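Structure first, then comments.
Order of the sequence lines sets the chain letters (A, B, ...), proteins ahead of strands, with each chain counted from 1. Every value quoted in this text rests on a predicted model; they were computed, and no experiment measured them. Atoms considered below: every heavy atom in the structure, side chains included; atoms not considered: hydrogens, waters and symmetry mates.
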2 protein chains.
Amino acid sequence: MKRKSIDIPSCDNCKNSKDFFCNLSEPEKQIISEKKGDNFYKKGQVIFYEGNHANGLFCLYDGKVKLTKLGKDGKEQIIRFSKDGDILGYRSLLSNEPYHATATAMEDSYICTISKEKFLTVIEDNPKLSFKVIQLLSKDLKGAEQHLIDVAQKSVKERIAESLLLLQTTFGYLADNRTINIQMSRSEIADMAGTTTESTIRTLAQLNEKNIIELNGKNIVINDMKELIKCSNSYD
Amino acid sequence: MKRKSIDIPSCDNCKNSKDFFCNLSEPEKQIISEKKGDNFYKKGQVIFYEGNHANGLFCLYDGKVKLTKLGKDGKEQIIRFSKDGDILGYRSLLSNEPYHATATAMEDSYICTISKEKFLTVIEDNPKLSFKVIQLLSKDLKGAEQHLIDVAQKSVKERIAESLLLLQTTFGYLADNRTINIQMSRSEIADMAGTTTESTIRTLAQLNEKNIIELNGKNIVINDMKELIKCSNSYD
DNA sequence: ATTAAAATATGATTCAAATCATTTTGAAAC
DNA sequence: GTTTCAAAATGATTTGAATCATATTTTAAT
């Protein structure tokens, strides 16, 4: 396998420097940047596994990652996504527990690793960073709660629509402003919506037939956003 | 209605002082204690509503509280419980958002209120308190994720069993060491497990028939913990 | 280009659980 | 104690979606 060249900039020159580490001082940025690991993960490769010892923080420079947990009978449930500028594994580091989920690259991704020690050192003396963590956890919790309610109460169709909306919100559109900027298998969408692959296929086909969406292989175009929101039975 | 007498001690004499506020200095405890409101909520009364302006932190001195969110068609979903020593509403204060859920007293409860300003003042200069918040959010997130997976993947029977286990873990037993220390309607258990009241009743009756549990009105005795865990299809 | 495996698609069948309907019991208010 | 209403219980029916089976298409490896 031919390794992709890795040219991730240092933290102060990072394109995502307005994200999680935005409040870091220059010396702090240097601490982090100095020994960071620059990594490339090919689509489908696993960054860390649920249950494994948490030894580092991951910062997603470029790419897309899904976080999944194993449930009953080895079935996967997607609990969250990460995009450019997001950090992964922070929760386990802070609670000194194994990784809570498996992180998998959904496309070729560039990811920096920061050692646990450096991360904990910096956060210990930076209340703003602590606050950033609180904000992140808060957001993740809000998302998990909403997801719980959707799975508990909504029909499969509503959940598929909800899933498409979440994908669009998280990753945006391609340049055409209509195609969701992520390619996922039907099985993955199912793992997100908490249903089976077959039901996912059928429901997508129905939405396609009604021209609410348009399926081009793994690309999904949203033709009628209003109607899709209606199908999702969302009100917020 | 006859008001119950309220004799909640100050924070440094609180029976729960080993919980959230355990790392507060004496001066900080005084700041909090000085203007705290002592409140009594009768079983069934609402402490705060989802969507309302978040103006204070609540600290549960004695009692039991359920946190619920409204879902589709006005249906309720229980997302969490709080017991003695837990704080409520902290997330909304920190993210400067309305309350994320409705908090309802599940039995007569004594609750202290702390103003938003005081709370934010104290947390601003206390990294240990920030860390405590991080731990709390982390724990809540872990619970929400597990709940999501259960609802997505498990059968109603498994979810009911899981719910009983969670109640026992959260609130413990009565003095007999067999009766779960909380009384809930069948409808509330349903709101927790993400199913209907009828299915809840039927499933409880089945577990009762197999002598895994014993139903005495709203009291639930766990006769065979091992078998109940087996029914829940849990492995951790 | 070929092959094998995985993903997608579709139809048929089954089934868990929701919904609907009714009766019984328990709790709260007076 | 009585009355009313809500909760619990139970039976019947319906339904959404899972499961099973098979065919087709796509993808990845060689």
Side-chain angles (χ1 to χ4, degrees), chain A residues 1-2 42-45 71-77 104-108 150-163 182-209 213-220 231 233, chain B residues 1-2 42-45 71-77 104 106-108 150-163 182-209 213-220 231-233:
Chain A
M1 186 192 81
K2 175 120 166 264
K42 199 170 171 50
K43 176 177 174 170
Q45 286 185 331
K72 193 180 139 188
D73 306 326
K75 199 166 137 75
E76 275 200 329
Q77 176 67 43
T104 309
M106 296 169 74
E107 65 185 33
D108 292 357
D150 291 345
V151 170
Q153 297 187 9
K154 290 188 179 178
S155 68
V156 165
K157 183 181 170 189
E158 286 162 341
R159 287 171 7 238
I160 296 288
E162 203 67 79
S163 299
I182 179 74
Q183 305 195 319
M184 285 175 79
S185 69
R186 302 302 185 249
S187 162
E188 280 176 313
I189 297 175
D191 286 348
M192 194 181 162
T195 183
T196 59
T197 308
E198 289 99 326
S199 293
T200 298
I201 290 167
R202 287 185 227 270
T203 308
L204 288 176
Q206 281 162 22
L207 293 173
N208 185 58
E209 211 176 273
I213 62 171
E214 201 176 312
L215 304 173
N216 306 311
K218 287 202 170 66
N219 283 307
I220 300 181
C231 286
N233 212 338
Chain B
M1 189 191 79
K2 175 119 166 269
K42 199 169 169 52
K43 177 175 173 172
Q45 287 184 332
K72 192 181 141 187
D73 305 326
K75 200 167 136 76
E76 275 199 329
Q77 175 67 43
T104 309
M106 295 170 77
E107 66 185 33
D108 292 357
D150 291 346
V151 171
Q153 297 186 8
K154 290 188 177 177
S155 68
V156 165
K157 182 180 168 189
E158 287 163 340
R159 295 188 334 255
I160 295 288
E162 203 67 81
S163 298
I182 180 74
Q183 304 195 319
M184 287 177 77
S185 70
R186 302 301 186 249
S187 163
E188 279 175 315
I189 298 175
D191 287 347
M192 194 182 162
T195 183
T196 60
T197 309
E198 290 99 329
S199 293
T200 299
I201 290 167
R202 286 184 229 273
T203 308
L204 288 176
Q206 281 162 22
L207 293 174
N208 184 59
E209 211 175 274
I213 63 172
E214 202 178 309
L215 304 174
N216 306 311
K218 289 205 172 60
N219 282 308
I220 300 181
C231 286
S232 73
N233 211 337

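Checking the phosphate oxygens (OP1, OP2) of C:dT8, a side-chain nitrogen or oxygen of A:Lys218 falls inside 4.0 Å. At D:dA18, one or more side-chain N or O atoms of A:Thr195 fall inside 4.0 Å of OP1 or OP2 (strictly under the cut-off). When the side-chain nitrogen and oxygen atoms of B:Ser199 are compared with OP1 and OP2 of C:dA17, none of them lie within a distance under 4.0 Å.
In this structure, the CG atom of B:Asn219 is 15 Å from the C1' atom of D:dA8, given to the nearest Å. A:Gln183 places its CD atom 10 Å from the P atom of D:dA28, with the value rounded to the nearest Å. A straight line from CZ of A:Arg159 to P of D:dA18 spans 7 Å, rounded to a whole angstrom. A straight line from CD1 of B:Ile201 to P of C:dT23 spans 17 Å, rounded to a whole angstrom. Between A:Asp191 atom CG and C:dT8 atom C1' the separation is 15 Å, expressed in whole Å. If you measure from atom CZ of A:Arg202 to atom P of D:dT19, you get 12 Å, rounded to the nearest angstrom. As a whole-Å value, the separation of B:Gln153 CD from C:dA16 C1' is 16 Å. Computed from coordinates, the B:Asn216 CG to C:dG26 C1' distance equals 15 Å when rounded to whole Å.
The two residues A:Glu158 and B:Lys72 make their nearest non-hydrogen contact at OE1-NZ, 3.0 Å. Here the closest heavy-atom approach between residue B:Leu207 and residue B:Lys157 is recorded as CD2-CE, 4.4 Å. Taking all atoms of both residues into account, the shortest heavy-atom contact from B:Ala193 to B:Val151 is O-CG2, 4.3 Å.
The side chain of A:Ser185 has C:dT8 as its nearest neighbour among D:dT10, C:dT8, C:dA17. Of the listed nucleotides (D:dA18, D:dA17, C:dC20), D:dA18 has the atom at the smallest distance from the side chain of A:Thr196.
At a threshold of 4.0 angstrom between heavy atoms, the contacts of B:Thr197 with the nucleic acid are absent.
Using a distance-only test at 3.5 Å, with no hydrogens or angles considered, a donor-acceptor pair links the side chain of B:Gln77 to the main chain of B:Asp191.
Residue-to-nucleotide proximity on DNA chain D shows that, of A:Lys157 and B:Ser187, the 5′-proximal contact is made by B:Ser187.
B:Ser199 pairs with exactly one of B:Thr196, B:Thr197, B:Thr203 by the side chain to side chain donor-acceptor pair (under 3.5 Å) rule, that one being B:Thr196.
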